Amino acid sequence: MIIKPKLETDITKLYEKHWVNDFDEINTLFHKDEPKLCVLDSETTGLHIIKDKPFMWVFGWMLPKEKRTDEIKGRVFAFDSKAEILLQVIALTKKCVMTVGHNVKYDLHMLINGGISEKVVYGLKNITDTMGLCRFSFDAVSARDGGDVLGLKKVSEKYIDPKAGEFEKEVKKELRKINDAKRNILKELLKPYKGWGLGKIKEAYKVKKRNEMDYFTKEKKQRWLKVPEEIENVYFKWMEENPFADYSEVDRDIMMEYVHSDGIYTLELVEFTYPTVLKRKQKAILEQENKLIIELLKMERVGMKVDMPYLHSCFKKCEDEIQKLYEELWGIVGEYFTVSQGTVIADYFEKKLGERPETTDKSYLKKHKDDRVSQLITRLRRLEKWQSTYISRIIEVAQYDNHFYTQYGQFNTVSGRLGSDAQQFPKERILTEEGELYEKENGEGKAPIEYEIFSPRRAFIVEGGNYNKIAYFDLSQIELRAQANYTVLLKKPDLNLCRAYMPFKCTHYITGEEFRFDTKEERARWYEKKEDGTSVWLLENGESWTPTDVHSETSHNTLMALAFKCVDKYKQYEHEKESPVDEKSFKKFWRYIGKMFNFMRNYGGGAKKASEALEVSMEIANALVSGWSNTFPEVSYYQKQVAAKVQKNSYATNMYGRVYFLSNTDKAYKVGNYLVQGSCADMLKGYVIRIGEFLRENNCKTLPLANIHDELQFLVYKGEEWIFPHIKRIMEDVEWMQVPVVVDLEITETTWADKKEVQIKAA
DNA sequence: GCTGATGAAGG
DNA sequence: TCCCTTCATCAGCG
């Protein structure tokens, strides 16, 4: 059945839109057209990759160029989700050169949730994500700096059809109507209770945004409002009986008007981006990404098991602590407010100090850290953030089956890194005030468990049964190693940075040969030791090589720049006017700012920012700049070279062929970091593919579980510990890295928080 | 309602 | 010339 929707644009009218109940019409036309490019897109009940189901699909294609006319460019078919049709559609996609979807990994989840076996989906070979095509053909500018956001609506509106956003509006309107109707039920229910309307509920409980619509929660907002039990019962019961509406509740006739457009724009995006992808020679790296789609798909479906009772108990602890602190805060200030209300806080400080602060941000509060109000606000902001972002969110996501599922954004980032929400789980626990005091006196990590409010990583536990172990493979300081390697590749190796990771330009204590690192075998000798445990490689002064402590070195050179005299390196410094630096203050202060600045400067940071961020004088900040330059002269050279190259050519290419293109080269200085960050990201992506192959070839049941930038996690199947040395070998074997790559292994049989380091050798 | 600022995290 | 991100909340603007 051919659909003539009310809304058509110059772009969409060139596509024939069908609604079908079975496969016949699709099949007949497909064989008539013999397309090379097809699209698959799902409409689903929500965004949970395991719980939610597809209820409608769009399958379509673009006609081969020779078959197009002025009237028709392609065909799209919408149908209710049924496994039989999907299976036949999948068979057709295999006849195309390319099958695309926008964020296609999500649609692959929905194929599985729609009744297609995992085996069939995991076996798909010609899947390409149009988000990837966008990333590989757009400028390397992050969204923060005004670069493109890759959402289908945004991209199509900008590059394909200014009217692309119109289609969704009708459906959104309809969805809003349904949710409004549900909200009106609550309104009616609340009518008998004076003073407790919808507005008051919104003050008492947090209302989050889902699809730009109000999503009511059970989380407290303005905690001074005491909600009568009766009201709370009415409200909670309403929530249960009236769950937040999703697209499946929208009338099918209205859906039908719009579903085709997503498929059409996705096809159009291929036509728009693909020539640039080819021109920039991005086909090889695109194929890598395509392989990765399936590996990530598998990984996402494993999910991390969470300890729900623990989370619920932490929620309660957090809640009590927040309530307690708020009561103290309101008592002092004499007014009810929340800690994110900057104006109220500014009022307070204006009254107290006679001067109105411009901001009430973290740094302002830190300046008044002896003020109890300042302490309370700082602490409450942290607690509330943790409670809502970690505890509540994990509970919400994991409610379905006690697993936290994350989705990896494969093309979100400019550099090539994966994005995911698992990356922000704090490593450290949050303690009560007493606990923090205890640690101040007795050392970090020393506070006993009764002081602990919440340890995010404690919530993630092993699966159990035959999967009673999680292994974490972590790349040691990989970005700094890659940075060192880039100076080697530029034929100007940075002495200090290289010597942090290998005995660069050192000589053997017996043979006198210089350390070489051109081949794998030569490189592997960096670790060789004498019987007494010191390195066989000797520095110029005859001492055994020890890895340079790059942070101390920057601090040392900063002190030199400030005209300190070195009495004992890293330990004692004297000055004509300033007070001397002893070992303790070197460690606690100078090394700390040296470390912070090392990272800052690698990203292009300057003296002004350093002075602000590290809260030091401009004099010290300037000394850090020159201290850094003296410590890593060739890193400085590298940064200048890359920027100059980008100024000249408008692009640079990382170690895996990923191109960073800039139409406007004002921010060329950023590319130096893109190359380092992006090469490491592609390195990780490569591991995921290769380790996946290894596990398949050996019929392993161990499952890749998660990735966080420089770490890979595996859910280990009982008895398969033999693979650890192989994974380590795969990860440490990086063709282009002349600086040694080192991988550490940690294991837990209980929770993520309790992982312990294990020594192994690469196979 | 949308945007930008702010601030809590990860590397 | 401080890099890449995620997620939540609020003030200001239209």
Side-chain angles (χ1 to χ4, degrees), chain A residues 140-147 172 176 206-215 217 219 221 337-346 358-366 377-390 392-394 396-397 406-409 411-428 430 456-457 474-480 483 596-614 621 625 639 643 660 666-678 680-681 684 706-711:
Chain A
V141 180
S142 66
R144 208 188 72 187
D145 288 344
K172 277 250 168 88
R176 192 159 288 143
K206 285 184 185 167
V207 178
K208 301 181 179 181
K209 289 284 173 199
R210 293 278 186 280
N211 269 323
E212 288 105 51
M213 267 159 274
D214 291 344
Y215 176 81
T217 74
E219 288 172 59
K221 190 177 175 187
F337 65 103
T338 73
V339 288
S340 32
Q341 286 174 284
T343 37
V344 180
I345 299 165
E358 277 182 24
T359 75
T360 54
D361 64 10
K362 200 168 54 167
S363 66
Y364 176 82
L365 293 175
K366 207 174 166 189
I377 293 171
T378 305
R379 201 168 155 69
L380 276 165
R381 280 185 182 164
R382 200 153 93 99
L383 277 165
E384 288 199 302
K385 177 72 186 181
W386 280 51
Q387 194 191 35
S388 66
T389 311
Y390 308 120
S392 298
R393 194 178 150 76
I394 299 172
E396 190 189 325
V397 174
T406 185
Q407 291 181 67
Y408 292 95
F411 305 102
N412 291 5
T413 70
V414 171
S415 64
R417 269 188 175 179
L418 290 171
S420 93
D421 48 5
Q423 75 182 221
Q424 28 161 11
F425 292 136
K427 289 173 102 149
E428 303 306 330
I430 192 164
R457 296 188 174 194
D474 187 290
L475 288 156
S476 155
Q477 301 216 40
I478 191 60
E479 286 194 6
L480 286 175
Q483 176 66 80
M596 292 314 215
F597 190 71
N598 272 349
F599 285 107
M600 250 176 110
R601 188 66 186 179
N602 272 348
Y603 303 142
K608 212 174 140 216
K609 277 284 173 188
S611 156
E612 284 167 23
L614 303 172
V625 174
Q639 290 183 342
Y660 303 103
D666 288 356
K667 301 214 166 171
Y669 78 94
K670 289 191 178 192
V671 181
N673 178 245
Y674 290 173
L675 293 177
V676 171
Q677 193 183 103
C680 292
L684 252 297
N707 156 268
I708 303 173
H709 303 314
D710 63 357
E711 175 182 307

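Because the structure is predicted, anything quoted here is derived from the model rather than measured. Proteins get letters first, then strands, A, B, ... in listed order; numbering begins at 1 in each.
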Where do Asp145(A) and Lys667(A) land on the side chain to side chain contact (heavy atoms under 4.5 Å, CB included) test, with the steps shown first?
CA-CA 10 Å; Asp145(A) 288 344; Lys667(A) 301 214 166 171; 4.1 Å; yes

Starting from [atom2] on [N], measure out to [atom1] on [X] and report it in whole angstrom.
| X | N | atom1 | atom2 | answer |
| --- | --- | --- | --- | --- |
| Arg601(A) | dT1(C) | CZ | P | 7 Å |
| Arg144(A) | dT5(C) | CZ | C1' | 10 Å |
| Asn707(A) | dT5(C) | CG | P | 15 Å |
| Gln423(A) | dT5(C) | CD | C1' | 5 Å |
| Met600(A) | dG11(B) | CE | C1' | 17 Å |
| Leu480(A) | dG11(B) | CG | P | 14 Å |
| Tyr390(A) | dA8(B) | OH | P | 10 Å |
| Gln341(A) | dA8(C) | CD | C1' | 15 Å |

Under-4.0 Å side-chain N/O to phosphate OP1/OP2 contact, [X] with [N]:
| X | N | answer |
| --- | --- | --- |
| Asn412(A) | dT6(C) | yes |
| Lys670(A) | dC4(C) | yes |
| Tyr669(A) | dC3(C) | yes |
| Arg417(A) | dG11(B) | no |
| Arg393(A) | dC7(C) | yes |
| Arg176(A) | dG1(B) | no |
| Lys427(A) | dG11(B) | yes |
| Ser142(A) | dC4(C) | yes |

Among [options], the one nearest [X] by side-chain distance:
| X | options | result |
| --- | --- | --- |
| Arg382(A) | dT6(C), dG10(B), dA8(B) | dA8(B) |
| Val414(A) | dC10(C), dC4(C), dT6(C) | dC4(C) |
| Thr389(A) | dA8(C), dA11(C), dC2(C) | dA8(C) |
| Arg457(A) | dA9(B), dC3(C), dG11(B) | dG11(B) |
| Gln677(A) | dC2(C), dG10(B), dG11(B) | dG11(B) |
| Ser388(A) | dC4(C), dC3(C), dA8(C) | dA8(C) |

So what does Phe425(A) touch, heavy atoms closer than 4.0 Å: a base, only the sugar-phosphate, or nothing?
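Sugar-phosphate: the residue Phe425(A), judged by heavy atoms under 4.0 Å, touches backbone atoms but no base.
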
When we call it a touch if two heavy atoms are under 4.0 Å apart, what does Gly604(A) touch: a base, just sugar-phosphate, or nothing?
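Sugar-phosphate contact only - Gly604(A) comes under 4.0 Å of backbone atoms but never of a base.
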
Please find the pair of heavy atoms, one from Ala621(A) and one from Ala607(A), that lie closest to each other, and give the distance.
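Result for this residue pair: CB-O, 3.3 Å.
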
Minimal non-hydrogen separation, Gln423(A) against Leu418(A), with atom names
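Shortest heavy-atom contact: NE2-O, 4.1 Å.
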
Within the structure provided, determine whether Pro426(A) and Glu428(A) are in side-chain contact (heavy-atom separation under 4.5 Å).
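With C-beta onward as the side chain, the pair stays apart.
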
Quick check: do Leu475(A) and Glu711(A) have side-chain heavy atoms less than 4.5 Å from each other?
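They are not in contact (no side-chain heavy atoms under 4.5 Å apart), so the answer is no.
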
If you find the nucleotide of DNA chain C closest to Asp145(A) and the one closest to Asp421(A), which residue's nucleotide is nearer the 5' end?
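This one resolves to Asp145(A).
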
Which is more 5' along DNA chain C, the nucleotide nearest Lys221(A) or the one nearest Asn673(A)? Just name the residue.
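It is Asn673(A), whose closest nucleotide lies nearer the 5' terminus.
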
Tell me whether Tyr603(A) and dC2(C) count as stacked here, given that the ring centres must be under 5.5 Å apart and the planes must differ by less than 30 degrees.
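Taking the rule of under 5.5 Å and under 30°, the ring of Tyr603(A) does not stack on dC2(C).
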
Decide side chain to side chain contact (heavy atoms under 4.5 Å, CB included) for Gln407(A) and Ser420(A); before the verdict, give the C-alpha distance in whole Å, the side-chain angles of both, and the deciding distance to 0.1 Å.
CA-CA 6 Å; Gln407(A) 291 181 67; Ser420(A) 93; over 6 Å; no

